[in-house]
Amino acid sequence: MHPMLTIAVKAARRAGHIISRASLDLSQLTVSTKQQSDYVTEVDKAAEAAILEVIREAYPSHAILAEESGSLGPQSDYLWIIDPLDGTTNFIHGLPQYAISIGLAHKGVLTQAVVYDTNRNELFTATKGGGAFLNEKRLRVSKRARLAEALIGTGFPYRSFKHIDAYLAIFRELTQKTSGLRRPGAASLDLAYVAAGRLDGFWEFGLSPWDMAAGALLITEAGGLVGDLTGEADYMSGGNIVAGSPKIFAQLLRVLAPHLGDELK
Ligand code: IPD
Ligand code: CA
Ligand code: CA
């Protein structure tokens, strides 16, 4: 395993212990609201602190972008992109679909990825050029060729409703043109599931870099494609993402195209 991936896995497991322990008694949880429908708990913060400690000890000269702390560290070609608890709303409700997501970019290119689902003990990892894995098993995106047979993941808008009409128009069409849509509630895991072939594709508007970084590398290393809503590479800064196996990715883009106003292109 690449030494930087080893550190990412160590950090994810530390955070995993904190999250698993806290999940045993959710009545103790203090929940605060960052903005409408956007929650944070002391568990998100403690998990992030544990991740930062491991990474900073190993790589003090690297930069960090973490959901709860923002940008940290010196200027560096290396940037760790961290979501200590992706799926906080599920976590608060005791709905066991959440994960820790840690990605590393070097000069803007994603090179290492970990998405760790503590509930199922599923550790998704990838190194650029080295493939994607679920625990020990090599991952490939699904082989399904037709959108009509595809199971597609998404995230419903719940914080910003700026693009709700476009979203619902796409939803209306895809719910009729696919074999089903799913909204599990943790984007990093949704992307990991595309890498694993459990979902054939995925789209969501308004994500943050820490929701996507690790999952995106998992998908490309599993033979899939990731892009913005027009299929370009700009998803990390824009936050609008489409992903899938190459065949399903192309068909998703064709469905989306007529529904995109200028601000979504
Ligand atoms: C959220 C989850 C969710 C997605 C949201 C994210 P958080 O992350 O990934 O699936 O729909 O857009 O913000 O807030 O639980 O880390
Ligand atoms: Ca998140
Ligand atoms: Ca989070």
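As the structure is a computational prediction, the values presented were derived from the model and not from experiment. In each ligand, atom 1 is the first atom listed, and ligand 1 is the first ligand listed.
- For K162, the NZ atom is loosely surrounded, since the number of other residues' heavy atoms within 6.0 Å does not exceed 12.
- For E204, a nitrogen or oxygen atom sits less than 3.5 Å from a nitrogen or oxygen atom of ligand 1, counting backbone and side chain alike.
- Proximity of Q97 to ligand 1, defined as any heavy-atom pair under 4.0 Å, is not found for any part of the residue.
- Within ligand 1, the atoms closer than 4.0 Å to a non-hydrogen atom of D83 are 16 (O), numbered from 1 in the order shown.
- Excluding waters, the set of protein N/O/S atoms under 3.0 Å from the Ca ion (ligand 3) reads E67 OE1, D83 OD1, L85 O.
- Residues E57 and R14 are not paired through a salt bridge, judged by the lack of any N-O separation under 4.0 Å between the basic side chain and the carboxylate.
- A 6.0 Å sphere centred on CD of E149 holds more than 12 heavy atoms belonging to other residues, nucleotides or ligands.
- In this model, no donor atom of one side chain and acceptor atom of the other lie less than 3.5 Å apart for D86 and S101.
- Taking any N or O of G206, backbone or side chain, none lies under 3.5 Å from an N or O belonging to ligand 1.
- Using cut-offs of 30° and 60° on the angle between ring planes, the pair W203 and F171 is tilted.
- Close approach of ligand 1 to A186 (heavy-atom distance below 4.0 Å) involves ligand atoms 9 (O), 10 (O).
- Between P84 and E67, the shortest heavy-atom distance links the atoms CD-CB, 4.2 Å.
- When the salt bridge (Lys or Arg N to Asp or Glu O under 4.0 Å) test is applied to R159, the partners found at least two apart in sequence or on another chain are D38.
- Interface of T88 with ligand 1, defined as ligand atoms under 4.0 Å from a residue heavy atom, comprises 15 (O).
- For ligand 1 and E67, the ligand atoms under 4.0 Å from any heavy atom of the residue are 16 (O).
- Proximity of Y158 to ligand 1 is established by a heavy-atom distance of less than 4.0 Å.
- If you check each of D44, D211, D86 against atom 9 (O) of ligand 1, the one with the closest non-hydrogen atom is D86.
- S208 contributes no side-chain N or O that, together with a main-chain N or O of W210, makes up a donor-acceptor pair within less than 3.5 Å.
- Of all atoms in ligand 1, listed by their number and element, those nearer than 4.0 Å to a heavy atom of G185 are 2 (C), 3 (C), 10 (O).
- Close to ligand 1: L85, with a non-hydrogen atom less than 4.0 angstrom away.
- Under the 3.5 Å distance criterion, with hydrogens and angles disregarded, a donor-acceptor pair is assigned to the side chains of T154 and Y167.
- When heavy-atom distances to ligand 1 are checked against a 4.0 Å cut-off, A187 comes that close through both its backbone and its side chain.
- For the pair N135 (side chain) and L123 (backbone), a donor-acceptor distance under 3.5 Å is present.
- With a 4.0 Å cut-off on non-hydrogen atoms, N90 does not touch ligand 1 at all.
- A salt bridge is defined here as a Lys NZ or Arg NE, NH1 or NH2 lying under 4.0 Å from an Asp or Glu carboxylate O, and R254 with E173 fails to meet this definition.
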